[in-house]
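To start, the structure under review is shown below, and the notes come after it.
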Amino acid sequence: MQIPFERFTLDNGLRVLVHHDNTTPMVAVNVLYDVGARDEDPSKTGFAHLFEHLMFGGSENIPSYDEPLQMAGGENNAYTTNDITNYYIQLPLQNIETAFWLESDRMKSLAFSEKSLDVQRKVVSEEFKEHYLNKPYGDAWNHLRQLAYKKHPYQWMTIGKELKHIEDAQLEDVKAFFFTHYRPVNAVLCVAGNVTTAQVKLLAEKWFGDIPSGEKYLRHLPAEPEQQDARVQTIYADVPLDAIYKAWHIGARLSAPYYAADLITEIMGNGFSSRLYQRLVKEEQLFSNISCYHTGSLDPGLLVVEGKIVAGKSIEEANAAIEREMQLFAEKGVTDEELTKAKNKIEAMIEFEDMSILSRANNLAFYELLGDAEMINSELDRYQNVTAAYLQETAKKVLRPENCSTLLYRKK
């Protein structure tokens with residue numbers, strides 16, 4: 001399915017995409033900011049995620065973001081990753097201007113106050129404690145990131161490296177972060193629904209046109225050196241079962257090896273018919289569950305296998321079994337049937353996702369941030385172009401023991 005769109009750029013640098021769909025009475029308005037946890041000061045992490053909360057805490061002319069949107073029959077949400085921050089709204093078409101009013105006001109300036117910061121700081125601190133400190137296995141990714149990354153800022157989680165960074169966040173630091181990153185020149189606005197480009201252009205000029213451009217943020221992130229030796233770390237915690245997390249470095253989001261790595265995860269660990277599930281859960285009964293996935297990072301990311309080990313089975317045996325299966329993949333490759341099945345599943349996932357105008361708006365903005373929104377229409381081709389030979393070649397390069405970081409998560 002081809003997704004048509006048009007684009008224009010305001011004088012202040014805000015890129016705007018318009019996707020016309022006359023089959024829905026709703027409209028999706030997506031604002032994507034080119035900022036994530038990788039852009040934080042290593043001594044002040046968690047700011048990008050903190051802003052996901054602060055952006056709903058009131059802006060220059062609007063004390064409550066949610067109230068007028070609910071009155072207009074709309075809903076909204078946001079998410080932050082290590083690479084991007086995304087805000088989206090869906091509401092009836094006749095109330096589209098409400099979305100432009102809300103998004104432009106908080107892009108222009110938040111209502112910075114010690115009270116608002118204190119409230120959101122406490123919310124995020126509680127989230128950190130609940131999901132990462134007090135939850136079984138909650139700190140696993142914190143350990144795994146620091147084990148796998150020694151230079152690149154992917155070494156900390158989106159919520160932050162440590163709780164103290166959030167607790168100590170000061171208003172001046174927060175303001176500086178906002179005016180560095182949340183500017184028109186660092187954002188993409190996408191509108192999807194029964195709208196014309198002319199209509200969207202009028203609304204964009206009216207509501208966003210007078211917001212100061214800001215300076216284009218240029219990244220100078222330290223590249224992660226190639227891992228030369230296998231790394232292993234053991235953690236003891238109050239958990240019901242031993243667990244294993246293994247991570248191999250893979251290529252960046254726009255590289256050909258990325259697509260091969262995605263297909264590897266599909267074949268090895270996505271679903272009950274995957275190799276790891278069939279062999280290590282069903283046949284050998286070493287794991288109660290196991291999965292293989294990748295981080296989807298814009299810079300070089302990780303291919304990860306994680307699983308909970310059946311009580312009574314040794315963590316060493318389970319770890320050796322994963323390594324055996326991954327090496328078998330690298331040495332023997334895949335069958336044509338496996339590769340076709342994996343490609344078909346990815347095609348179905350892409351087609352299903354693009355059924356929603358909210359997803360289309362999100363994805364168009366994302367690909368524009370990557371370099372060109374038109375990539376949304378050629379993404380599937382990149383998967384289809386992966387041959388069995390190239391898949392095996394990538395597996396041999398990625399699944400080397402010296403490229404692997406292993407976290408052994410043992411119960412006390």
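Heavy-atom neighbours of Asp381 CG from other residues, nucleotides or ligands within 6.0 Å: above the threshold of 12. With a 6.0 Å radius and a threshold of 12 heavy atoms from other residues, nucleotides or ligands, Lys345 has its NZ atom above the threshold. Within a 6.0 Å sphere centred on NZ of Lys216, other residues, nucleotides and ligands contribute more than 12 heavy atoms. No more than 12 heavy-atom neighbours from other residues, nucleotides or ligands sit within 6.0 angstrom of CD on Glu337. Counting heavy-atom neighbours within 6.0 Å of Glu215 CD, excluding the residue itself, gives a total of 12 or less.
Here Arg121 does not pair with Asp168 in a salt bridge; the nearest charged N to carboxylate O distance is not below 4.0 Å. Salt bridge absent: Glu224 and Lys151 never bring a charged side-chain N and a carboxylate O closer than 4.0 Å.
Here the two rings, on His181 and Phe51, have centers that are 6.0 Å apart or farther. Centroid-to-centroid, the aromatic rings of Phe178 and Phe112 come within less than 6.0 Å. Here His20 and Phe5 keep their ring centres 6.0 angstrom or further from each other.
Between Tyr277 and Phe272, the ring-plane angle classifies as tilted under the 30° and 60° cut-offs. Ring geometry for Tyr293 against Trp141 counts as tilted: the plane angle lies between 30° and 60°, on a 0 to 90° scale. In this pair, Tyr409 and Tyr137 present their aromatic rings tilted. The plane angle is within the 30 to 60° band.
Not a single donor-acceptor pair under 3.5 Å links the side chain of Arg15 to the backbone N or O of Val188. No side-chain donor-acceptor contact under 3.5 Å links Asp118 to the backbone of Glu114. The main-chain N or O of Ile3 is found under 3.5 Å from a side-chain atom of Asn377 such that the two form a donor-acceptor pair. At distances below 3.5 Å, at least one donor-acceptor pair connects side-chain atoms of Gln227 with backbone N or O atoms of Cys404. Here the side chain of Asn86 pairs no donor or acceptor atom with the backbone of Ala78 at under 3.5 angstrom. At least one donor-acceptor pair closer than 3.5 Å links the side chain of Gln327 to the backbone N or O of Leu399. Checking side-chain atoms of Asn22 against main-chain N and O of Asn194 turns up no donor-acceptor pair under 3.5 Å.
Test Val304, Val305, Asn270 against Cys292 for side-chain contact (heavy atoms from CB on, under 4.5 Å) and you get one pass: Val305.
Between the side chains of Asp83 and Thr81, no donor-acceptor pair of N or O atoms lies under 3.5 Å. Checking Trp156 against Glu40 by side-chain atom types alone, a donor-acceptor pair falls below 3.5 Å.
Every residue two or more places apart in sequence or in another chain was checked for a side chain to side chain donor-acceptor pair (under 3.5 Å) with Tyr87, and none qualifies.
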